[in-house]
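Right, one structure below, let's go through it.
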Amino acid sequence: MATEFQKRVWKTLELIPEGRVTTYGAIAAYLDTKAVRAVGSAVGKNPKAPEVPCHRVVKADGRLGNYSGKGGQTTKRRLLENEGVMVKEGRIVAFEEHFFDFEKGDG
DNA sequence: TACATGACTATCC
DNA sequence: GGGATAGCCATGT
């Protein structure tokens with residue numbers, strides 16, 4: 001069974017619109033916590049991978065980081081590219097432009 | 001309860 | 001600029 005913390009993280013992931021990406025630190029900050037490690041752990045254990053856009057979560061430096069899903073980083077890159085987020089050499093292209101801020105929202 | 005690990009991040013040399 | 005270390009919180013054993 002998932003903990004409240006994990007569920008909060010997954011809920012947050014669903015807030016990320018298409019064509020946008022965010023970082024573990026941003027999620028932690030949105031949840032008013034500094035547990036970036038716990039966030040990453042929770043994201044990786046999402047029971048509904050296809051529902052939760054975990055692929056829209058990347059590292060603070062713009063790299064994809066890891067991906068526990070099928071295909072690993074390859075699939076993560078494919079998913080992002082399908083949403084309009086270009087990825088090159090395992091890094092987000094124009095990362096800062098695709099970055100999604102929970103506080104600001106999409107508009 | 002205690003120890004070890006993790007889809008991380010920031011600092012130091 | 002690259003490699004290694006410390007810090008952080010939660011989860012699993």
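A note on names: the letters A, B, ... follow the listed sequences, proteins ahead of strands, and every chain is numbered from 1.
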> In residues 31-39 of chain A, what residues come within less than 4.0 Å of DNA chain B, judged by heavy atoms?
Replying inline: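 Contacting residues: A:Val36, A:Arg37, A:Ala38.
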
Mind listing the side-chain donor-acceptor pairs of residues 32-39 of chain A below 3.5 Å, one per line with the distance, residues two or more places apart or on another chain?
{"unit_1": "A:Thr33", "atom_1": "OG1", "unit_2": "A:Ala35", "atom_2": "N", "d": "3.2"}

Set of salt bridge (charged side-chain N to carboxylate O under 4.0 Å, His left out) partners for [X], sequence neighbours left out:
{"X": "A:Asp61", "answer": "A:Arg63"}
{"X": "A:Glu4", "answer": "A:Lys7"}
{"X": "A:Arg78", "answer": "none"}

Euclidean distance, atom [atom1] of residue [X] to atom [atom2] of [N] [Å, nearest integer]:
{"X": "A:Leu64", "N": "B:dC8", "atom1": "CG", "atom2": "C1'", "answer": "14 Å"}
{"X": "A:Lys59", "N": "B:dG6", "atom1": "NZ", "atom2": "C1'", "answer": "12 Å"}
{"X": "A:Arg63", "N": "C:dG2", "atom1": "CZ", "atom2": "C1'", "answer": "11 Å"}
{"X": "A:Asn66", "N": "B:dG6", "atom1": "CG", "atom2": "P", "answer": "11 Å"}
{"X": "A:Tyr24", "N": "C:dG7", "atom1": "OH", "atom2": "P", "answer": "24 Å"}

> For A:Leu79, which residues count as a side chain to side chain contact (heavy atoms under 4.5 Å, CB included) partner, sequence neighbours excluded?
Replying inline: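 With sequence neighbours excluded, A:Leu79 shows a side chain to side chain contact (heavy atoms under 4.5 Å, CB included) to A:His55, A:Tyr67, A:Thr75, given in chain and number order.
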
> Got a sec, which residues hit side chain to side chain contact (heavy atoms under 4.5 Å, CB included) with A:Pro17, two or more places apart in sequence or on another chain?
Replying inline: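 So A:Pro17 forms a side chain to side chain contact (heavy atoms under 4.5 Å, CB included) with A:Arg20, A:Phe100, A:Asp106.
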
> Of the residues in residues 8-18 of chain A, which ones touch DNA chain C at a heavy-atom distance under 4.0 Å?
Replying inline: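 None - not one residue of the stretch has a heavy atom sitting under 4.0 Å from the strand.
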
>> For a quick test of reading the model, state the closest non-hydrogen atom pair linking A:His98 to A:Ile92 and the distance between them.
In response: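 Distance-wise, the nearest heavy atoms are CD2-CG2, 4.3 Å.
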
For nucleotides 10-13 of chain B, which of its nitrogen or oxygen atoms have a protein nitrogen or oxygen under 3.5 Å away, and what is each distance?
none

> Say you draw a straight line from CG of A:Leu64 to CG of A:Leu80; how long is it, rounded to the nearest 0.5 Å?
Replying inline: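 A:Leu64 atom CG to A:Leu80 atom CG measures 6.0 Å (nearest 0.5 Å).
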
> In the single-linkage hydrophobic clustering (I, L, V, M, F, W, Y; side-chain heavy atoms under 4.5 Å), do A:Val43 and A:Leu15 co-cluster?
Replying inline: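 In one cluster: yes.
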
> So, the side chain of A:Gln73 versus the backbone of A:Gly65: is there a donor-acceptor pair under 3.5 Å, distance only?
Replying inline: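 Pair found, side chain donor or acceptor close to backbone of A:Gly65.
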
> Quick one: side-chain hydrogen bond (donor to acceptor under 3.5 Å, both in side chains) partners of A:Glu96, sequence neighbours excluded?
Replying inline: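 Not a single residue meets the side-chain hydrogen bond (donor to acceptor under 3.5 Å, both in side chains) criterion with A:Glu96.
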
>> Can you list everything that forms a side-chain hydrogen bond (donor to acceptor under 3.5 Å, both in side chains) with A:Glu14? Sequence neighbours excluded, please.
In response: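 For A:Glu14, no residue satisfies side-chain hydrogen bond (donor to acceptor under 3.5 Å, both in side chains) once neighbours in sequence are set aside.
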
> Run the side chain to side chain contact (heavy atoms under 4.5 Å, CB included) check on A:Leu13 and A:Ile27 step by step: do they pass?
Replying inline: CA-CA 8 Å; A:Leu13 298 181; A:Ile27 295 171; 3.5 Å; yes

What does the list of N/O pairs under 3.5 Å between the protein and nucleotides 11-13 of chain C look like, with a distance for each?
{"unit_1": "C:dT11", "atom_1": "OP1", "unit_2": "A:Thr3", "atom_2": "OG1", "d": "2.2"}
{"unit_1": "C:dT11", "atom_1": "O3'", "unit_2": "A:Lys45", "atom_2": "NZ", "d": "2.6"}
{"unit_1": "C:dG12", "atom_1": "OP1", "unit_2": "A:Lys45", "atom_2": "NZ", "d": "3.0"}

